[in-house]
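Basis for what follows: all heavy atoms, side chains included, without hydrogens, waters or symmetry-related copies. Counting convention: from 1, in listed order, for ligands and their atoms alike. All residue numbers refer to positions in the sequence shown, counting from 1.
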Amino acid sequence: MEPLRVRGRLFYVKRDDLIHPYFSGNKFRKLQALIRLPASRYRRLVSYGGVQSNAMLSMAALARMKGWRFLYAVKAVPRTVREADGGNFAAATALGMEVTELGYEGFYEKVENLKNSLGSKDLFIPQGGADPVAEEGVKTLAGEITTWKKAAGHTHLDVVTPSGTGTTALYLRRHLPSDIEVLTVPVVGDAQTLLAQWRRLASVDEPLPRILEAETKWPFAKPHPDFLMIWRELEKAGITFDLIYAPKTWRALFLEYEKTDRSLLYVHSGGIYGNKTQLLRYMNEKALS
Ligand SMILES: *Cc1c(COP(=O)(O)O)cnc(C)c1O
């Protein structure tokens, strides 16, 4: 837990990004339950998603650790990604990741076929680790936060974490006491997309995290001059965040927290390793001033 003073206000940051360079943040939490499995239980990990995904890199690290093969399905690997000498794809490939390119057409159908063709020694994990297996590790995180809140003597604590699949935010809500508010910002889609994701993992009457609407609609991972500015501001304040999820989330937080004096804990979910290639995208799009 680390204090962070920015825009004249004190925040707290849970430094889950420091767990491991490749296998950190909420990806570590979501895959944590698998670490304890005997390595002989599986021979191969199989998943799918984006070519620069943080989940992909963590799964590659986990597979390496267990001595499992790792098969990862993507739509296509752009040449710039294949040739980049840094970032998540390069690191995951160096860890032994095998990639299969399924093409843009009928991608999800093909993933379904791949999944159905797997054997008993293959472990399939949905995109981004959006799976009930993630609950155990996120529950541990919730326990650490609850203990810290008591020890630090915070009366009103809000916990915030950005949402991709929303898995982390949902399981935090499930395992934090109800007096701790859980906030999240949808980064991959909008609030509707996030609610649809939660319906897949949540029970009908379960309390959900509160969604902070970021006021801009913006395509996932597309460089945005405001995001770069906020990322730099946070780095200057003392902590390097990821360039994809964190800036949009902090942007919404700055608006919300001008109005309140509640204590706020930001769960740093890692993803720093992908900053190198994302910064290159900023330069290529000439958004860098
Ligand atoms: C994956 C990721 C998220 C989103 O986590 P979900 O559980 O999919 O909502 C947020 N921040 C960072 C840095 C991530 O890598």
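- Of all heavy-atom pairs between Leu141 and Lys14, the closest is CD1-CE, 3.6 Å.
- Tyr245 CD1, 3.3 Å is the protein heavy atom nearest to atom 12 (C) of ligand 1.
- Among all non-hydrogen protein atoms, the one lying nearest atom 7 (O) of ligand 1 is Thr168 OG1, 2.6 Å.
- Both the backbone and the side chain of Thr167 come within 4.0 Å of ligand 1, judged by heavy-atom distances.
- Distances between N or O atoms of Gly166 and those of ligand 1 include at least one value under 3.5 Å.
- Ring pair Phe124/Tyr48 is parallel by interplanar angle, where below 30° counts as parallel and above 60° as perpendicular.
- Only side-chain heavy atoms of Asp242 come within less than 4.0 Å of ligand 1; its backbone N, CA, C and O stay farther off.
- Taking every non-hydrogen atom of Lys30 and a distance limit under 4.0 Å, the qualifying atoms of ligand 1 come out as 5 (O), 6 (P), 7 (O), 8 (O).
- Around atom NZ of Lys110, more than 12 heavy atoms belonging to other residues, nucleotides or ligands sit under 6.0 Å away.
- Ring geometry, Tyr72 versus Phe70: the interplanar angle falls from 30° to 60°, so the pair is classed tilted.
- Taking the six-membered ring for Trp and the full ring otherwise, the centers of Trp250 and Phe11 sit less than 6.0 Å from each other.
- Using a 4.0 Å cutoff on heavy atoms, Ser163 counts as a contact of ligand 1.
- From the protein, the heavy atom lying nearest to atom 8 (O) of ligand 1 is Thr165 OG1, 2.6 Å.
- Atom CD1 of Ile19 is separated from atom CD of Gln32 by 7.5 Å, given to the nearest 0.5 angstrom.
- Under the 4.5 Å side-chain contact rule for hydrophobic residues, Val46 and Val111 share a cluster.
- Arg262 and Asp179 get closest at one heavy-atom pair: NH2-O, 4.4 Å.
- Atoms of ligand 1 lying under 4.0 Å from any heavy atom of Gly270, numbered from 1 in the order shown and given with element: 13 (C).
- Looking only at heavy atoms of the protein, atom 14 (C) of ligand 1 is closest to Lys27 NZ, 2.9 Å.
- Judged by the shortest distance from any of its heavy atoms, Gly25 lies outside the 4.0 Å radius around the atoms of ligand 1.
- Only the side chain of Asn26 comes within 4.0 Å of ligand 1, counting heavy atoms alone; its backbone N, CA, C and O stay farther away.
- In terms of protein heavy-atom proximity, atom 4 (C) of ligand 1 is closest to Gly164 N, 3.3 Å.
- In this structure, a donor-acceptor pair under 3.5 Å is absent between the side chains of Tyr245 and Asn54.
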